[in-house]
Number of protein chains: 2
Amino acid sequence: MNDKANAQPGGRKHQRVRQADVARAAGVSQAAVSLVLSGSPDLSIGASTRQAILDAARDLGYVPDPIARRLATGRNNLLGLHTFAPEFPVSLSNSYYPYLEGVEVEAAAQGYDLLLFTGAPNTASRETAVHRLRLADGCVLVGRHPPIDDVRALLESGFPLVYIGRHDDLGEELSYIGADYSRATAALTDRLHDLGHRNFVYVQEVDTAVASTDREDGFEESMRRHSSDAVGTAPRLAAEQITPALVKGWIDDGCTAIIVEGGTETVDSPASLDTLTHVLGELGLEYPRDISLATTGSEFTQRSGSVVFAGFDVPRREMGRQAVQLLIDLLRGKELSVAERQRLLECAPVDGNTSGPARRA
Amino acid sequence: MNDKANAQPGGRKHQRVRQADVARAAGVSQAAVSLVLSGSPDLSIGASTRQAILDAARDLGYVPDPIARRLATGRNNLLGLHTFAPEFPVSLSNSYYPYLEGVEVEAAAQGYDLLLFTGAPNTASRETAVHRLRLADGCVLVGRHPPIDDVRALLESGFPLVYIGRHDDLGEELSYIGADYSRATAALTDRLHDLGHRNFVYVQEVDTAVASTDREDGFEESMRRHSSDAVGTAPRLAAEQITPALVKGWIDDGCTAIIVEGGTETVDSPASLDTLTHVLGELGLEYPRDISLATTGSEFTQRSGSVVFAGFDVPRREMGRQAVQLLIDLLRGKELSVAERQRLLECAPVDGNTSGPARRA
DNA sequence: AAAAACTAGTAATGCGCATTATCTTTGACA
DNA sequence: TGTCAAAGATAATGCGCATTACTAGTTTTT
């Protein structure tokens with residue numbers, strides 16, 4: 001009864017209804033069908049013919065093939081989003097989430113649909129995974145450690161790409177929307193200096209990335225400006241390395257303000273900050289009374305009570321939005337200067353309630 | 001200097017490198033390039049030629065076009081996921097999330113990549129949005145209120161589709177993985193009956209959907225079986241309609257157990273249950289002492305303390321997994337009976353600590 | 001030495017659609 | 001009555017790739 005042979009990719013002959021089928025049913029040419037079903041409505045197809053085509057299409061259950069359409073036109077009004085992660089960042093506590101929100105909102109506002117690419121760089125499909133992005137007209141990328149060669153290949157192939165996060169390693173070709181971590185961290189350090197702090201410890205993630213070294217640069221830069229009356233160190237520490245003994249040592253050495261790298265893209269929970277507050281508790285120290293705390297980013301995990309860490313706000317949503325806007329500009333072939341294609345957004349300072357005047361030595 | 005005219009879809013002549021370009025550079029035919037770059041490695045292309053092609057491809061920065069590939073082969077190893085929602089359900093509190101997890105895990109395990117389709121049924125792109133799913137080889141759908149005509153059109157066009165959630169309105173053609181809400185709700189009601197409850201109120205969502213009426217059916221069925229000694233009503237109430245006066249009325253009428261519809265797909269927060277517990281507090285009633293509470297689903301919002309609502313567990317992750325497995329079977333043209341293509345999974349009972357023996361009248 | 005069997009590669013075709021150039025009618029106007 | 005233009009529709013082509021059928025050269029077989 002049923003010709004199951006046709007269900008197979010090999011054996012199928014014309015499983016799905018094509019424009020040609022509609023054309024035959026309506027007694028017209030395939031071109032006419034194409035014009036009526038997807039061309040601008042004012043084209044030269046008579047009313048009766050048009051109706052016949054529409055009827056036939058409805059009766060046969062014609063559904064356009066987006067692949068063929070895309071191949072023919074070169075566009076499909078689809079924007080890609082890829083994170084280079086095996087699974088999609090669907091958790092609220094994941095710091096990617098606000099980017100996604102911004103991208104989603106702006107894409108919708110601009111009339112583009114979104115394609116979220118999952119797919120780990122697993123051994124099997126790694127090489128093809130990145131090329132797959134070309135299913136969309138252009139793509140927004142997020143991720144601390146992208147496979148740079150693949151990204152370069154895509155870029156050189158002329159595929160419109162916008163990175164969320166600064167990425168100068170591919171030169172001026174790669175467009176991005178970043179956050180000015182360096183400036184924000186310097187400003188944060190300056191504010192602590194204004195509060196009287198003269199001895200700092202900046203705790204960094206072990207995992208170095210642009211977002212991480214930018215922050216370090218900002219800290220160092222501030223330290224240099226205040227080199228006449230302030231000192232600071234910037235150790236890279238894993239959460240478990242932050243022991244009471246270590247912290248005690250800092251304080252004994254005169255440290256009055258600790259800054260913790262935070263809000264980094266792949267760190268789901270800022271464990272370092274959690275550990276540090278825990279250690280301070282063990283040492284019987286309260287902040288901001290005994291010591292000032294700050295973090296180079298916004299917090300995602302819910303804090304008990306009303307603790308708001310001093311630091312700055314990474315405008316993630318806005319970065320997502322602007323990334324989409326930039327991508328669309330690229331898609332439309334708009335001429336953009338390098339400054340327009342590589343932007344750093346400012347991070348608003350957050351005073352919080354974890355830092356205060358330096359304890360007198 | 002730069003030929004910017006070529007950047008435009010109209011003016012561009014050969015922006016990106018094609019197999020034909022590689023072929024010319026290597027002095028071979030396009031077919032040879034195709035065979036080497038994507039054909040099985042044991043095909044009849046000599047080693048030197050093969051190397052020349054590989055070199056040329058690398059030098060020119062060739063990147064395969066997934067669209068053309070897909071058009072030619074009919075497959076691209078991509079599975080779609082669509083929720084009919086304007087934005088993607090990326091929040092943990094959203095009850096779609098576990099489905100996504102299951103789908104993601106299983107797709108990865110089977111070597112398929114995932115394409116998450118965003119795109120609201122907004123007036124502009126609504127009609128084309130659904131067809132866009134055909135970018136993938138097949139698609140998993142989730143959603144309480146799908147645009148049934150579009151889904152039918154897709155289905156009739158032969159596109160492999162698996163719905164998460166029961167959907168009999170399209171007959172036997174639409175495959176699905178559902179949860180046996182009816183049976184689970186009946187069992188839950190039976191358990192309460194076993195505890196001595198004889199007078200029930202089942203609070204339902206105002207928004208009717210299959211997942212909702214299935215639960216109601218289960219409740220009614222249990223009531224019918226116990227019609228000799230038990231009674232119950234099943235009002236559909238919005239959260240704000242649940243007032244102290246109303247609840248007081250139920251209790252005065254002898255109600256000892258309240259079941260609240262929960263875990264429905266689009267309800268981000270089970271507001272009805274929250275409202276109800278709040279109202280009970282206002283009335284000075286404690287559960288399970290004064291009254292038993294249960295819900296027809298699992299909870300997502302974090303509860304204060306260790307309250308675990310009586311009810312049952314919807315195996316969402318497992319549903320996601322099985323949906324993917326089923327979809328892949330369909331893709332491969334496997335012959336499946338209706339029973340295999342339309343499955344209801346059992347929901348494990350959850351005793352919780354919000355229900356107990358009925359208060360004596 | 002002729003036929004059979006490989007080997008290495010190419011030409012041709014089609015996937016489903018959009019688009020352009022082209023052809024055929026018909027109507028308007030002088 | 002003849003000419004030109006507009007309207008209505010079609011044939012042809014290409015998007016980039018995979019795939020099949022086929023050609024030509026080289027061994028192997030008997």
Side-chain angles (χ1 to χ4, degrees), chain A residues 9-10 12-24 26-53 57 60 62-77 128 131-132 134-135 137 157-159, chain B residues 9-10 12-24 26-53 57 60 62-77 128 131-132 134-135 137 157-159:
Chain A
R12 63 105 197 270
K13 217 34 196 168
H14 284 313
Q15 185 76 337
R16 18 194 66 131
V17 179
R18 303 155 303 163
Q19 289 188 346
D21 300 318
V22 175
R24 199 176 318 116
V28 299
S29 70
Q30 175 263 325
V33 175
S34 175
L35 288 174
V36 166
L37 294 185
S38 57
S40 33
D42 49 51
L43 273 177
S44 61
I45 298 291
S48 63
T49 312
R50 148 175 261 108
Q51 195 54 52
I53 289 173
L60 293 173
Y62 171 76
V63 174
D65 183 339
I67 295 283
R69 211 193 197 79
R70 166 70 206 268
L71 186 61
T73 63
R75 311 185 318 98
N76 61 9
N77 225 47
T128 84
H131 303 153
R132 201 160 279 165
R134 293 182 51 176
L135 280 175
D137 290 344
S157 81
F159 186 68
Chain B
R12 66 105 195 272
K13 216 33 193 169
H14 284 314
Q15 185 76 339
R16 18 195 66 131
V17 179
R18 302 155 305 164
Q19 289 188 346
D21 300 319
V22 176
R24 199 176 317 116
V28 298
S29 70
Q30 175 264 323
V33 175
S34 175
L35 287 175
V36 166
L37 295 185
S38 56
S40 34
D42 49 52
L43 272 176
S44 59
I45 298 291
S48 63
T49 314
R50 147 176 263 106
Q51 195 54 53
I53 290 174
L60 293 173
Y62 171 75
V63 173
D65 183 338
I67 295 284
R69 210 194 200 77
R70 166 69 205 270
L71 186 62
T73 63
R75 312 185 316 98
N76 60 11
N77 224 48
T128 84
H131 303 153
R132 201 159 279 165
R134 294 182 51 177
L135 280 174
D137 290 344
S157 81
F159 186 68

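Values reported hereafter were calculated over all heavy atoms of this structure, with side chains retained and with hydrogens, waters and symmetry mates removed. Letters A, B, ... mirror the listed sequences (proteins, then strands); counts begin at 1.
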Subject >> Contact check, side chains of A:Arg69 and B:Arg132, non-hydrogen atoms, under 4.5 Å >> reply: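 Not in contact.
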Original post:
Any side-chain heavy-atom pair from A:Asn76 and A:Asp137 closer than 4.5 angstrom?
Top reply: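 Yes, their side chains come closer than 4.5 Å.
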Calculate the interatomic distance between [X] atom [atom1] and [N] atom [atom2]; express it in whole Å.
{"X": "A:Ile45", "N": "C:dT24", "atom1": "CD1", "atom2": "P", "value": "17 Å"}
{"X": "A:Ile53", "N": "D:dG8", "atom1": "CD1", "atom2": "P", "value": "13 Å"}
{"X": "A:Ile67", "N": "C:dG16", "atom1": "CD1", "atom2": "P", "value": "12 Å"}
{"X": "A:Leu37", "N": "C:dA18", "atom1": "CG", "atom2": "P", "value": "8 Å"}
{"X": "B:Arg70", "N": "D:dC15", "atom1": "CZ", "atom2": "C1'", "value": "16 Å"}
{"X": "A:Leu35", "N": "D:dA11", "atom1": "CG", "atom2": "C1'", "value": "13 Å"}
{"X": "B:Arg18", "N": "D:dC15", "atom1": "CZ", "atom2": "C1'", "value": "9 Å"}
{"X": "A:Asn76", "N": "C:dG16", "atom1": "CG", "atom2": "C1'", "value": "15 Å"}

So which atom in [X] and which in [Y] form the shortest heavy-atom distance, rounded to 0.1 Å?
{"X": "A:Pro66", "Y": "A:Pro64", "answer": "CD-O, 3.3 Å"}
{"X": "B:Arg16", "Y": "B:Asp21", "answer": "O-OD2, 3.8 Å"}
{"X": "A:Arg134", "Y": "A:Arg70", "answer": "O-NH1, 3.2 Å"}

Compare the minimum distances between each of [options] and the side chain of [X], then state the nucleotide with the smallest one.
{"X": "B:Ala31", "options": "D:dT10, D:dT19, D:dA18", "result": "D:dT19"}
{"X": "A:Ala72", "options": "D:dG14, C:dT10, D:dG16", "result": "D:dG14"}
{"X": "A:Tyr62", "options": "D:dC15, C:dA18, C:dC17", "result": "C:dC17"}
{"X": "B:Gln19", "options": "C:dA11, D:dA18, D:dT10", "result": "D:dA18"}

Check whether any side-chain N or O of [X] sits under 4.0 Å from OP1 or OP2 of [N], and answer yes or no.
{"X": "B:Gln30", "N": "C:dA11", "answer": "no"}
{"X": "B:Ser34", "N": "D:dC17", "answer": "no"}
{"X": "B:Ser44", "N": "C:dG9", "answer": "no"}
{"X": "B:Arg69", "N": "D:dA18", "answer": "yes"}
{"X": "A:Thr73", "N": "D:dC15", "answer": "no"}

Original post:
DNA chain C: A:Val33 or B:Ser48, which has the more 5' nearest nucleotide?
Top reply: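 Nearer the 5' end of the strand: B:Ser48.
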